[in-house]
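Computed from a prediction, not measured in an experiment: that's the story for all the values here. Computation of the quantities below employed the complete heavy-atom set of this structure, encompassing side-chain atoms and omitting hydrogens, waters and symmetry-equivalent molecules.
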Amino acid sequence: MLFDVGMENNIEGRSCSWVLGHPGCFAYGKDSAAALAATADAIRRYAAWIEAHGAKGWLEIDELEIRLLETWDVYDINDNYDRVEQGYSVNAWFQHDWKPLTDQDVERGLKLLTWSRQDLLEAVHSLTPEGLNATYPGERWSISGILRHVGGAEWWYLHRLGLAFPRERVPDDPFDRLQTVRARLLEVLPQLSGSRLVMGVDGEFWSPRKLLRRAVWHERDHIWHILSLFQQRR
């Protein structure tokens with residue numbers, strides 16, 4: 001099976017290989033070559049994750065072929081949209097992001113979001129309030145802070161397309177925030193099938209496909225982040 005990849009460089013000092021059309025399937029590397037080299041294993045882990053949630057036959061990976069289609073170098077801009085060394089980071093917009101979501105994309109996206117949320121809540125369900133709010137050396141957030149960040153970022157993705165509820169309605173409690181924002185995403189996603197909506201916001205393009213790509217990636221990435229913090233405690 002052929003897997004097309006979009007490469008994003010200089011994303012927090014590393015490269016990310018996005019497997020296009022498969023939200024939540026990605027690989028990191030110190031540079032584009034390393035990220036591309038890690039992509040095959042990432043696809044195999046992704047396929048195993050999907051199958052573990054009961055969706056057999058979703059991906060055929062016996063004859064796995066990877067094709068790099070596009071490369072995007074992240075850059076920063078200021079309020080006048082001029083490039084600067086430090087400012088607002090403009091993340092990847094791939095040609096693939098222009099494509100409207102199909103009914104199958106939406107159906108699968110809903111499942112991916114459900115599975116990743118199950119994994120996230122399972123990862124933290126046994127933590128006490130002390131465990132949720134514990135700090136870690138060199139880390140910006142506690143686990144509670146990471147959960148708030150996941151919910152807040154998802155609201156921000158929706159806001160990029162004019163689909164979010166007012167910011168003042170975003171709950172502060174991390175679990176309430178996760179639930180409330182996710183409910184909105186699950187509500188609007190089926191309405192985006194076939195939509196050609198593309199919006200330019202703060203010097204950056206957004207579409208329903210990019211929203212789904214980023215939302216599944218972001219949650220899965222922070223699940224691994226949380227699990228890595230647990231390793232530090234041992």
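At distances below 3.5 Å, at least one donor-acceptor pair connects side-chain atoms of H125 with backbone N or O atoms of E122. Between the side chain of R45 and the backbone N or O of A40 there is no donor-acceptor pair closer than 3.5 Å. Side-chain atoms of N78 come within 3.5 Å of backbone N or O of N80 as a donor-acceptor pair. Listed for the W155 side chain is a donor-acceptor partner under 3.5 Å among the backbone atoms of F165. Side-chain atoms of K210 come within 3.5 Å of backbone atoms of A92 as a donor-acceptor pair (strictly under, hydrogens ignored).
Distance check: D119 CG to I223 CD1 gives 5.0 Å after rounding to the nearest 0.5 Å. Here CD1 of I143 is found 14.0 Å from NE2 of H149. Values are rounded to the nearest 0.5 Å. To the nearest 0.5 Å, the span separating CG on L59 from CZ on R44 amounts to 12.5 Å. Here CG of L229 is found 5.0 Å from CD1 of I146. Values are rounded to the nearest 0.5 Å. Note that the OG atom of S144 and the CD atom of E130 stand 12.0 Å from one another [nearest 0.5 Å]. Residue L110 holds its CG atom at 6.0 Å from CG of L186, rounded to the nearest 0.5 Å.
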Check against side-chain contact (heavy atoms from CB on, under 4.5 Å), L113 and L189: CA-CA 11 Å; L113 289 165; L189 187 59; 4.0 Å; yes
For the pair W93 and E204, evaluate side-chain contact (heavy atoms from CB on, under 4.5 Å) and give the outcome as yes or no after the intermediate values. CA-CA 8 Å; W93 170 260; E204 190 172 34; over 6 Å; no
What verdict does the side-chain contact (heavy atoms from CB on, under 4.5 Å) test give for V106 and L212, after you've listed the backbone C-alpha separation in whole Å, the side-chain angles of each residue and the deciding distance to 0.1 Å? CA-CA 9 Å; V106 170; L212 181 59; over 6 Å; no
ring-ring contact (aromatic ring centres under 6.0 Å, His included), that's the test. Do W98 and F205 meet it? Break it down for me. CA-CA 9 Å; W98 285 100; F205 279 130; 5.6 Å; yes
side-chain contact (heavy atoms from CB on, under 4.5 Å) between V170 and T180, intermediate numbers included: CA-CA 8 Å; V170 178; T180 302; over 6 Å; no
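Using modelled atom types, one finds a donor on one side chain and an acceptor on the other under 3.5 Å when comparing W18 with E8. Looking at Q104 and T102, their side chains never bring a donor and an acceptor atom within 3.5 Å of each other.
Counting heavy-atom neighbours within 6.0 Å of Q118 CD, excluding the residue itself, gives a total above 12. Counting heavy atoms of neighbouring residues, nucleotides and ligands inside a 6.0 Å radius, atom NE2 of H96 exceeds 12 of them.
Using a cutoff of 4.0 Å between basic side-chain nitrogens and carboxylate oxygens, R182 and E187 are not scored as salt-bridged.
The nearest pair of heavy atoms linking L120 to E219 is CD2-OE2, 3.3 Å. When all heavy atoms are compared, the tightest approach of P100 to S195 is CB-O, 3.4 Å. Closest approach of I61 and F3 over heavy atoms only: CG2-CZ, 4.0 Å. Nearest heavy-atom pair across G203 and I77 is CA-CD1, 4.0 Å. The heavy-atom pair separating P174 from L147 by the smallest distance is CB-CB, 3.8 Å. Of all heavy-atom pairs between Y46 and R220, the closest is CD1-NH1, 3.5 Å.
In this structure, the side chains of M7 and C16 stay at 4.5 Å or more apart for every pair of heavy atoms. No side-chain heavy atom of Q191 sits less than 4.5 Å from a side-chain heavy atom of L163. No side-chain heavy atom of V5 sits under 4.5 Å from any side-chain heavy atom of L20. Side chains of I66 and L64 form a contact here, defined as non-hydrogen atoms less than 4.5 Å apart.
Residue pairs meeting the salt bridge (Lys or Arg N to Asp or Glu O under 4.0 Å) criterion with at least one partner in residues 93-109, sequence neighbours excluded, are D97-R213, D105-R209, E107-K111. Screening residues 166-177 for salt bridge (Lys or Arg N to Asp or Glu O under 4.0 Å) gives no qualifying pairs among residues at least two apart or on separate chains. Annotation: ring pair (Phe, Tyr, Trp, His ring centres under 6.0 Å) contacts involving residues 170-193, sequence neighbours excluded, are absent.
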Show me the side-chain donor-acceptor pairs of residues 67-76 shorter than 3.5 Å, one per line, residues at least two apart or across chains.
{"unit_1": "R67", "atom_1": "NE", "unit_2": "D4", "atom_2": "OD1", "d": "2.7"}
{"unit_1": "R67", "atom_1": "NH2", "unit_2": "D4", "atom_2": "OD1", "d": "3.0"}
{"unit_1": "R67", "atom_1": "NH2", "unit_2": "D4", "atom_2": "OD2", "d": "3.1"}
{"unit_1": "E70", "atom_1": "OE1", "unit_2": "Q95", "atom_2": "N", "d": "3.0"}
{"unit_1": "E70", "atom_1": "OE2", "unit_2": "Q95", "atom_2": "N", "d": "2.7"}
{"unit_1": "W72", "atom_1": "NE1", "unit_2": "V90", "atom_2": "O", "d": "3.2"}
{"unit_1": "D73", "atom_1": "OD1", "unit_2": "N9", "atom_2": "ND2", "d": "2.9"}
{"unit_1": "D76", "atom_1": "OD1", "unit_2": "S89", "atom_2": "OG", "d": "2.7"}
{"unit_1": "D76", "atom_1": "OD2", "unit_2": "G87", "atom_2": "N", "d": "3.0"}

I'd like a table of donor-acceptor pairs (distance under 3.5 Å, sequence neighbours excluded) in which one partner is a side-chain atom from residues 23-39, with atom names and distances.
{"unit_1": "Y28", "atom_1": "OH", "unit_2": "W217", "atom_2": "NE1", "d": "2.9"}
{"unit_1": "Y28", "atom_1": "OH", "unit_2": "D221", "atom_2": "OD1", "d": "3.2"}
{"unit_1": "Y28", "atom_1": "OH", "unit_2": "D221", "atom_2": "OD2", "d": "3.4"}
{"unit_1": "D31", "atom_1": "OD1", "unit_2": "A33", "atom_2": "N", "d": "3.3"}
{"unit_1": "D31", "atom_1": "OD1", "unit_2": "A34", "atom_2": "N", "d": "2.9"}
{"unit_1": "T39", "atom_1": "OG1", "unit_2": "S17", "atom_2": "OG", "d": "2.8"}
{"unit_1": "T39", "atom_1": "OG1", "unit_2": "A35", "atom_2": "O", "d": "2.9"}
{"unit_1": "T39", "atom_1": "OG1", "unit_2": "L36", "atom_2": "O", "d": "3.2"}

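Using cut-offs of 30° and 60° on the angle between ring planes, the pair W49 and H53 is perpendicular.
Linking Ile, Leu, Val, Met, Phe, Trp and Tyr whenever their side-chain heavy atoms come within less than 4.5 Å puts Y88 and M199 in one cluster.
In this view, D79 satisfies the salt bridge (Lys or Arg N to Asp or Glu O under 4.0 Å) rule with no residue, not counting sequence neighbours.
Two rings, from W206 and Y157, have their centers less than 6.0 Å apart.
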